[in-house]
Enquirer: 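This is the structure I have questions about; it appears just below.
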Amino acid sequence: MLRMSTLFLRTLRDDPADAEVASHRLLVRGGYVRRAAPGGFTWLPLGWIVYRNVERVVREEMDAAGFQEVHFPALLPREPYEATGRWTEYGDTLFRLTDRRHNDFLLAPTHEEMFTLLVKDLYSSYRDLPLVIYQIQTKYRDEARPRAGLLRGREFVMKDSYSFDVDDEGLQRSYDRHRAAYVRTFDRLGLPYVIVSAMSGAMGGSASEEFLATLDAGEDTFVRCTSCSFAANVEAVEVPAPEPQPVADAPDAVVADTPDTPTIANLVDFLNAHDHLRRPDRDWVAADTLKNVVFTLRHPDGTTEPLAVGVPGDRDVDLRRLEAQVAPAVPEAFGEADFAAHPQLAKGYIGPEALGIGSTTGIRYLVDPRVVTGTRWVTGANIAGHHVVGLVAGRDFTPDGTIEAADVRAGDACPACGSALELARGIEIGHIFQLGRKYAEALGLTVLDADGHQVTVTMGSYGIGVSRAVAAIAEATHDESGLCWPREIAPADVHLVVAAKAGGPQTAAAERLAAALDDAGVRVLFDDREGLSVGVKFKDAELLGVPTIVVAGRGVTDDAASSTVEVKDRRTGERVDVPLVEVVEHLRAVCAH
RNA sequence: CGGGAUGUGGCGCAGCCUGGUAGCGCACCUGCUUUGGGAGCAGGGGGUCGGGAGUUCGAAUCUCCCCAUCCCGACCA
């Protein structure tokens with residue numbers, strides 16, 4: 001039983017000024033957490049109970065799936081991270097430190113290397129696999145910008161599991177087991193979520209999926225279909241290509257003098273303002289134009305290569321989508337020096353005829369999937385102040401391929417069913433993906449197969465943000481009055497309030513009731529504080545968010561047999577008067593579901 | 001890392017422009033009253049005014065540098 005008269009708790013009447021999102025505000029106001037460092041929080045007694053409940057659910061589901069828990073140091077030497085290249089690759093996000101002998105150490109941002117080395121240390125036969133081990137540990141990342149309280153800190157708790165298999169089929173099975181365990185976990189935690197594919201089909205559709213809690217406070221944008229179940233990370237959306245059209249009946253393309261039209265907007269205005277260029281059937285719109293943007297790709301080996309991307313003129317190139325497509329190469333904007341090195345490219349008037357392998361520039365040219373054979377475009381003529389009208393894809397130019405780089409918008413067609421997509425916000429609470437052999441190769445994790453050959457182990461990596469999930473649940477379940485925990489992770493089942501002055505029959509009755517509930521296995525948060533007005537107690541009960549609130553007030557008299565208490569559902573606000581003699585049984589039933 | 005804002009008791013804020021040794025509400029302590037929706041009265045404790053340097057007889061206030069926090073963006077296995 002938790003007694004509020006002695007509980008280490010102080011609730012705040014005002015919102016803390018530095019808290020923006022609801023979960024941060026309410027967790028601080030309710031005395032669940034306290035900021036202790038930039039991006040770091042202290043868990044107070046109520047918060048720690050909630051945190052441990054979340055951790056328990058995660059652990060129970062991992063154990064039920066047959067996975068085994070291990071625990072690593074957070075303080076790690078440099079060497080393993082050097083071997084995989086991450087000592088440098090991780091950049092400023094890695095917390096680095098030095099010991100007294102000037103050896104380099106780091107605070108683990110994640111433990112791939114340690115898991116891999118641990119298995120290498122102990123196992124060497126295919127007979128030992130498959131294996132899944134996991135950890136629930138504090139991770140450290142020197143985030144450029146910690147924010148939103150627990151949702152994005154520099155120190156946070158993650159559950160990370162790793163699977164080890166000899167072949168791809170085994171990896172797929174390990175992946176599927178995790179997916180099922182995650183579904184059970186997040187269902188129990190009471191979080192609204194979607195599973196989105198986090199990588200494009202080109203990389204293998206099921207290789208990576210994210211579990212996103214669907215919250216407006218989330219920092220990830222994803223798309224979902226307004227009529228079917230399709231949902232995907234923006235990076236993973238594949239634009240449905242229209243049917244190719246015949247090219248034979250299209251009129252020849254003509255070069256038009258279009259002075260001072262380096263942008264799509266003033267090009268469209270110019271076309272509509274001149275009779276000889278106007279469309280007979282309707283006005284020109286931005287979607288009739290083809291915009292060609294050139295980037296420099298920097299490959300991991302240090303070499304660079306220009307890449308031209310063609311998208312319909314009403315859309316921009318989405319850098320994040322482009323990055324996902326060209327990874328591990330990194331795209332950079334085409335600078336003045338780059339234009340100087342390619343004089344065939346007229347800035348603002350770049351056209352397909354100067355692009356593509358075999359063209360004058362030889363620059364690789366990839367277009368949006370909407371640019372199919374037979375579509376007609378207004379696009380650059382590669383001469384300053386000139387555009388081509390009616391250039392036909394597949395007849396007048398042939399790109400080197402397609403690329404998913406155009407931005408995705410609400411209302412775009414769903415790749416699965418063709419209905420309208422909508423954009424929504426979410427926060428990543430879980431991520432499962434098939435790592436493959438990257439770490440096993442770098443660190444030499446091999447086993448002998450049945451034929452006595454050395455084979456490199458293939459791995460999967462599966463994370464859940466445990467501390468983040470606490471905030472996500474708070475975010476998903478709160479209302480205007482305060483927090484509103486799902487019973488499974490609430491700090492108590494029942495918040496018992498004495499609403500009367502000290503010394504009255506209510507106090508004695510409530511004491512007996514609290515003890516009886518305790519004996520019955522109902523978790524009680526007992527507001528036995530004296531000298532407070534009832535308003536304060538009611539407000540605190542609503543702020544703290546225990547799912548059932550019981551009030552011992554004016555229904556309680558000296559005659560226990562005829563006394564009643566009020567039982568209120570925190571979420572629905574629904575209240576019923578229950579005879580005091582029946583209330584333990586009543587609450588036991590309420591708390592059972 | 002770029003843009004903006006803010007740092008004053010535990011929390012929320014005023015004071016700064018126009019320098020004179022710090023104030024309000026909440027919370028906390030004592031007493032009395034009050035008790036079904038963040039009580040009333042009276043008394044009280046608590047602050048290196050983010051840090052450093054400077055100007056000045058005198059700095060929360062003016063100047064310079066630094067630090068931190070928050071918001072937007074960039075970044076985010």
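Throughout, protein chains are lettered first and strands after them, A, B, ... in sequence-line order, and every chain is numbered starting at 1.
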Enquirer: Whom does B:A5 pair with, Watson-Crick or G-U wobble, provided both distances fall under 3.5 Å?
Expert: B:U69
Enquirer: For A:R29 and B:G38, what is the distance between atoms CZ and P respectively, to the nearest whole Å?
Expert: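 After rounding, the gap between these two atoms is 14 Å.
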Enquirer: Whole angstroms only, please: what is the CZ-C1' distance between A:R154 and B:C75?
Expert: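 Going from A:R154 (CZ) to B:C75 (C1'), I get 15 Å.
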Enquirer: Quantified in whole Å, what is the P atom distance between nucleotide B:C16 and nucleotide B:C62?
Expert: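 These two P atoms come out 9 Å apart once rounded.
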Enquirer: Tell me the partner of B:C75, counting only Watson-Crick (N1-N3 plus N6-O4 or O6-N4) or G-U wobble (N1-O2 and O6-N3) with both under 3.5 Å; none if nothing fits.
Expert: none
Enquirer: May I ask you to say what A:R141 touches in the nucleic acid, namely base, sugar-phosphate or nothing, with a heavy-atom cut-off under 4.0 Å?
Expert: base
Enquirer: Could you give the distance separating B:A14 and B:G73 at their C1' atoms, to the nearest angstrom?
Expert: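 It comes out at 33 Å once rounded to the nearest Å.
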Enquirer: Can you tell me how far P of B:A77 sits from CZ of A:F156, to the nearest Å?
Expert: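 So the CZ-P distance, A:F156 to B:A77, works out to 11 Å.
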Enquirer: What interatomic distance, in whole Å, is found between C1' of B:C66 and the corresponding atom of B:G25?
Expert: 34 Å
Enquirer: Is a donor from one side chain sitting under 3.5 angstrom from an acceptor on the other, for A:Q135 and A:H71?
Expert: no
Enquirer: Is the distance from the ring center of A:F8 to that of A:W48 below 6.0 Å?
Expert: no
Enquirer: Nearest heavy atom decides the nucleotide; on that basis, is A:A17 or A:V536 closer to the 5' end of RNA chain B?
Expert: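 So the residue in question is A:A17.
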Enquirer: Tell me the partner of B:C32, counting only Watson-Crick (N1-N3 plus N6-O4 or O6-N4) or G-U wobble (N1-O2 and O6-N3) with both under 3.5 Å; none if nothing fits.
Expert: B:G40
Enquirer: Name the closest nucleotide to the A:R10 side chain, picking from B:C28, B:A77, B:G37.
Expert: B:C28
Enquirer: Counting the atoms with a prime plus P, OP1 and OP2 as sugar-phosphate, which does A:L435 contact under 4.0 Å by heavy atoms, base, sugar-phosphate, or nothing?
Expert: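 Here A:L435 touches no strand at all.
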Enquirer: Are any of A:S533's side-chain N or O atoms less than 4.0 Å away from OP1 or OP2 of B:U35?
Expert: no
Enquirer: Any side-chain N or O of A:K539 less than 4.0 Å from the OP1 or OP2 oxygen of B:G38?
Expert: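 So the side-chain polar atoms of A:K539 never come under 4.0 Å of the phosphate oxygens OP1 or OP2 of B:G38.
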Enquirer: If we take the C1' atom in both B:G43 and B:U56, what is their distance in whole Å?
Expert: 40 Å
Enquirer: Send over the distance from A:Y439 OH to B:A77 P, rounded to a whole Å.
Expert: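 One finds 10 Å between P of B:A77 and OH of A:Y439, rounded.
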Enquirer: Between A:S161 and A:H178, is there a side-chain donor-acceptor contact under 3.5 Å, judged purely by atom types and distance?
Expert: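 Yes, a side-chain donor-acceptor pair sits under 3.5 Å.
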Enquirer: For B:C26, which nucleotide is its Watson-Crick or G-U wobble mate, given both distances must be under 3.5 Å?
Expert: B:G10
Enquirer: Side chains of A:M4 and A:L9: closer than 4.5 Å at any heavy-atom pair?
Expert: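 With C-beta onward as the side chain, the pair touches.
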Enquirer: A:E566 CD to B:G36 P: how many Å, rounded?
Expert: 13 Å
Enquirer: So if I take every side-chain heavy atom of A:D14 and compare against B:A77, B:G25, B:U69, which nucleotide ends up nearest?
Expert: B:G25
Enquirer: Considering only heavy atoms and no angle criterion, is a donor-acceptor pair shorter than 3.5 Å present between the side chain of A:E542 and the base of B:G38?
Expert: no
Enquirer: What's the NZ-C1' distance between A:K501 and B:C32, to the nearest Å?
Expert: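 Taking atom C1' of B:C32 as the reference, NZ of A:K501 is at 14 Å.
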Enquirer: Using atom CG of A:L12 as one end and atom C1' of B:A27 as the other, report the distance to the nearest whole Å.
Expert: 9 Å
Enquirer: A:A500 or A:A19: which one's nearest nucleotide on RNA chain B is closer to the 5' end?
Expert: A:A500
Enquirer: Say whether A:E209 and A:Y182, considering side chains only, have a donor N or O and an acceptor N or O under 3.5 Å apart.
Expert: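 Note: A:E209 and A:Y182 side chains miss the donor-acceptor criterion.
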Enquirer: Does any donor-acceptor pair link the side chain of A:D540 with the base of B:G38 at a separation under 3.5 Å?
Expert: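 Indeed, a donor on one side and an acceptor on the other fall under 3.5 Å apart.
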Enquirer: Taking B:U18 as the reference, what is the distance to B:U61 when you measure between their C1' atoms (whole Å, please)?
Expert: 10 Å
Enquirer: Does a side-chain N or O of A:R13 approach OP1 or OP2 of B:A27 to a distance below 4.0 Å, or not?
Expert: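 Yes, such a contact exists.
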Enquirer: Without decimals, in angstroms, what is the distance between A:E20 CD and B:C72 C1'?
Expert: 11 Å
Enquirer: For atom P, what is the distance between B:A59 and B:C67, given to the nearest Å?
Expert: 25 Å
Enquirer: With a 3.5 angstrom cut-off on both distances, give the Watson-Crick or G-U wobble partner of B:C62, or none if there isn't one.
Expert: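 Because both required distances fall under 3.5 Å, B:C62 counts as paired with B:G54.
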Enquirer: Could you walk me through whether A:R575 and A:D569 pass the side-chain contact (heavy atoms from CB on, under 4.5 Å) check?
Expert: CA-CA 6 Å; A:R575 40 175 106 180; A:D569 185 282; over 6 Å; no
Enquirer: Do A:H24 and A:F41 have ring centroids that are under 6.0 Å from one another?
Expert: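 That pair passes the under 6.0 Å test.
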Enquirer: To the side chain of A:T11, which of B:G36, B:G38, B:U69 is closest?
Expert: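 Per side-chain heavy atoms of A:T11, the pick is B:G38.
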Enquirer: For B:U18, what is the paired nucleotide under Watson-Crick or G-U wobble rules, both distances under 3.5 Å?
Expert: none
Enquirer: Per the salt bridge (charged side-chain N to carboxylate O under 4.0 Å, His left out) rule, what does the pair list look like for residues 462-479 of chain A, sequence neighbours excluded?
Expert: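 For residues 462-479 of chain A, and leaving out neighbouring residues, the salt bridge (charged side-chain N to carboxylate O under 4.0 Å, His left out) pairs sorted by first residue read A:E219-A:R468, A:D479-A:R570.
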Enquirer: Provide the Watson-Crick or G-U wobble partner of B:G45, both distances under 3.5 Å; none if there is no partner.
Expert: none
Enquirer: If the C1' atom of B:U48 is compared with that of B:C71, how far apart are they to the nearest Å?
Expert: 29 Å
